[in-house]
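Here's the structure we're looking at; comments come further down.
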There are 2 protein chains.
Amino acid sequence: MGVRYFALSHHVDFRQANGPAVRVHNYPPSWQEWFDANGLGKCDPIHRASHRATVGFAWSEVPDMIKMTPEDRFVLDQAYRIGIGDGFTIPASVPGETLGSCSFAVGAGEAFPAEFHFVCQLVGGFAFEAARRLSGARDFGIANTPILTDRQRDCVLWAARGKTDWEISVILGVGHETVIQHLKHARERYGVQKRALLAVRALFDGLISFSDILKR
Amino acid sequence: MGVRYFALSHHVDFRQANGPAVRVHNYPPSWQEWFDANGLGKCDPIHRASHRATVGFAWSEVPDMIKMTPEDRFVLDQAYRIGIGDGFTIPASVPGETLGSCSFAVGAGEAFPAEFHFVCQLVGGFAFEAARRLSGARDFGIANTPILTDRQRDCVLWAARGKTDWEISVILGVGHETVIQHLKHARERYGVQKRALLAVRALFDGLISFSDILKR
DNA sequence: GGGGATATTCCAAGAAATGGGGATAGCGTC
DNA sequence: GACGCTATCCCCATTTCTTGGAATATCCCC
């Protein structure tokens with residue numbers, strides 16, 4: 001396929017991975033060591049960017065996809081220094097399941113053959129799905145994501161929008177205590193203590209979406 | 001591509017759709033009417049199955065992917081009666097965004113040409129991505145998003161993970177008041193009042209990612 | 001050297017969220 | 001009819017967050 005490196009991986013910290021997670025790659029060992037030592041599994045810029053696409057993207061597009069921090073630039077710099085050049089990454093996302101991706105890269109200084117993007121898209125996508133099935137990761141996904149009632153969902157949505165319990169009660173036309181109760185139950189079902197994490201989980205599971213929250 | 005029908009759609013109830021949502025298809029109008037009348041956007045069995053895959057799947061695999069209810073069987077039965085036969089669906093999932101999919105189907109009684117699965121995968125995937133961008137479902141407003149300092153980002157990340165200010169102060173090894181201050185400034189830069197919305201905005205901007213937050 | 005951004009710590013008052021109890025009513029299932 | 005789920009309301013105590021101030025010190029840039 002005209003590329004030198006491949007990397008198929010779940011986006012977890014492999015230093016302390018506990019659940020089922022897959023990683024297969026042919027990057028230089030020194031890169032994996034440095035990558036793990038810095039706990040990049042969960043915050044690598046390429047991985048972060050992959051959480052914002054449905055299909056493959058060239059690494060050159062990453063700065064347009066996420067906010068690049070100085071560390072992000074340092075990470076990409078390090079990769080280049082170790083010999084990893086331009087790349088193309090295929091995201092893999094299933095609601096409620098560990099995120100992952102499959103990347104292909106050429107050596108530093110080489111040009112990525114754009115005519116192989118489609119092939120990478122296909123190979124990367126099906127390769128990840130195969131790994132996902134082998135690892136049993138998919139058995140831990142949406143099957144056990146909590147189900148909320150309509151009212152609970154409404155309250156979570158307005159809470160994610162930054163409204164207070166009292167404001168929500170006015171918006172929904174119910175009592176203040178009712179809203180407290182709905183959010184209490186929603187937190188219990190998700191097994192979380194804080195409404196910030198509740199909002200995040202509801203977003204991740206597809207219960208609510210950014211467009212629900214941020215419109216207007 | 002050897003198929004008769006296509007359907008590219010966000011999984012929402014189009015009777016009461018309010019946000020940006022896309023639907024393009026050439027199914028019979030009677031099917032869309034019946035589909036909407038029954039509010040299937042969110043519970044159609046093909047859509048539900050697509051929430052458990054990262055790549056395309058043949059509709060014949062659906063019973064192995066989700067638990068089929070009697071209603072599900074009735075829905076598929078109705079589709080067949082209207083003239084929709086076997087199909088292949090490509091899921092499209094981005095954390096925090098409305099779920100969607102792109103399907104291809106042959107007429108009732110016809111055989112789906114398996115040799116076109118790969119082509120469907122590619123066309124469906126990129127078609128959905130194109131529709132997603134056109135619809136503004138994802139508007140990359142990276143340019144004018146606030147810039148946080150490293151410490152502020154750390155605090156936002158831990159706050160999104162559901163930690164209290166005091167817990168964060170222990171984790172980061174700084175004073176309790178310092179964390180309060182960082183989050184105060186972070187909220188000011190984002191122009192929000194609540195940490196739940198702060199977490200959502202930071203996620204939306206790509207400052208932090210779901211895999212940063214959720215270990216699993 | 002001055003200006004600006006950053007990181008750090010501290011105080012205090014009030015608002016809001018959380019966790020623990022309750023209760024009533026409707027609705028559908030077994 | 002008993003049971004479970006849902007939605008609605010109420011009380012309490014405690015913790016946590018938010019907002020308004022304040023102060024140092026470092027670092028980089030001009």
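Naming: A, B, ... by sequence-line order, numbering from 1 per chain. In this text the structure is predicted, and so the values were computed from the model without any measurement.
For the segment residues 190-201 of chain B, residues with any heavy atom less than 4.0 angstrom from an atom of DNA chain D are, sorted by number, B:Gln193, B:Lys194, B:Arg195. For DNA chain D, the residues of residues 181-188 of chain A within the heavy-atom distance limit of 4.0 Å (strictly under) are A:Gln181, A:His182, sorted by number. Interface residues of residues 162-175 of chain B facing DNA chain D, ordered by number: B:Lys163, B:Thr164, B:Asp165; criterion, heavy-atom separation under 4.0 Å.
Legend: salt bridge (Lys or Arg N to Asp or Glu O under 4.0 Å) pairs involving residues 78-89 of chain A, not counting sequence neighbours, sorted by first then second residue: A:Asp77-A:Arg81.
If you take CD1 on A:Ile82 and CD on A:Glu33, they are separated by 9.5 Å, rounding to the nearest 0.5 Å.
Remark: the A:His11 side chain and the A:Ser101 side chain contain an N/O donor-acceptor pair separated by less than 3.5 Å. A:Ser9 and A:His25 are not linked by any side-chain donor-acceptor pair at a separation below 3.5 angstrom, with hydrogens and angles left out of the test.
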Base-contact (B) and sugar-phosphate-only (S) positions in nucleotides 25-30 of chain D, heavy-atom cut-off under 4.0 Å, - elsewhere: ------
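Rounded to whole Å, atom P of D:dC5 lies 12 Å from atom CD1 of A:Ile147. If you take CD1 of A:Ile180 and C1' of D:dT15, they are 14 Å apart, rounded to a whole angstrom.
A salt bridge is absent between A:Glu97 and B:Arg52: the closest approach of a Lys/Arg side-chain nitrogen to an acidic carboxylate oxygen does not fall below 4.0 angstrom. Under 4.0 Å is where a charged nitrogen must lie from a carboxylate oxygen, and between B:Arg151 and B:Asp154 at least one such pair does.
For A:Arg73, the side-chain contact (heavy atoms from CB on, under 4.5 Å) partners at least two apart in sequence or on another chain are A:Met68, A:Pro70. In this structure, A:Phe104 has no ring-ring contact (aromatic ring centres under 6.0 Å, His included) partners at least two apart in sequence or on a different chain. Contacts of A:Tyr190 classified as ring-ring contact (aromatic ring centres under 6.0 Å, His included), with partners at least two apart in sequence or in another chain: none.
Side-chain rings of B:Phe128 and B:His10 approach one another, their centers coming within less than 6.0 Å.
Once you apply a 4.0 Å limit to the heavy atoms of chain A, the touched nucleotides of DNA chain C run 5' to 3' over C:dA16 to C:dG22.
Within the 3.5 Å criterion, the main-chain N or O of B:Thr164 finds a donor-acceptor partner in the side chain of B:Glu167.
The rotation axes computed at either terminus of the helix from C:dG1-D:dC30 to C:dC30-D:dG1 lie 50° apart, taking five pairs at each end and rounding to 10 degrees.
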Considering only distance and modelled atom types, tabulate donor-acceptor pairs under 3.5 Å from the side chains of residues 54-63 of chain B, sequence neighbours left out.
from: B:Thr54; atom 1: OG1; to: A:Glu129; atom 2: OE1; distance (Å): 2.5
from: B:Trp59; atom 1: NE1; to: B:Thr89; atom 2: OG1; distance (Å): 2.6
from: B:Glu61; atom 1: OE2; to: B:Ala58; atom 2: N; distance (Å): 3.2

List, one per line, each side-chain donor-acceptor pair under 3.5 Å for residues 171-187 of chain B, sequence neighbours excluded.
from: B:Gln181; atom 1: OE1; to: B:Lys184; atom 2: NZ; distance (Å): 3.2

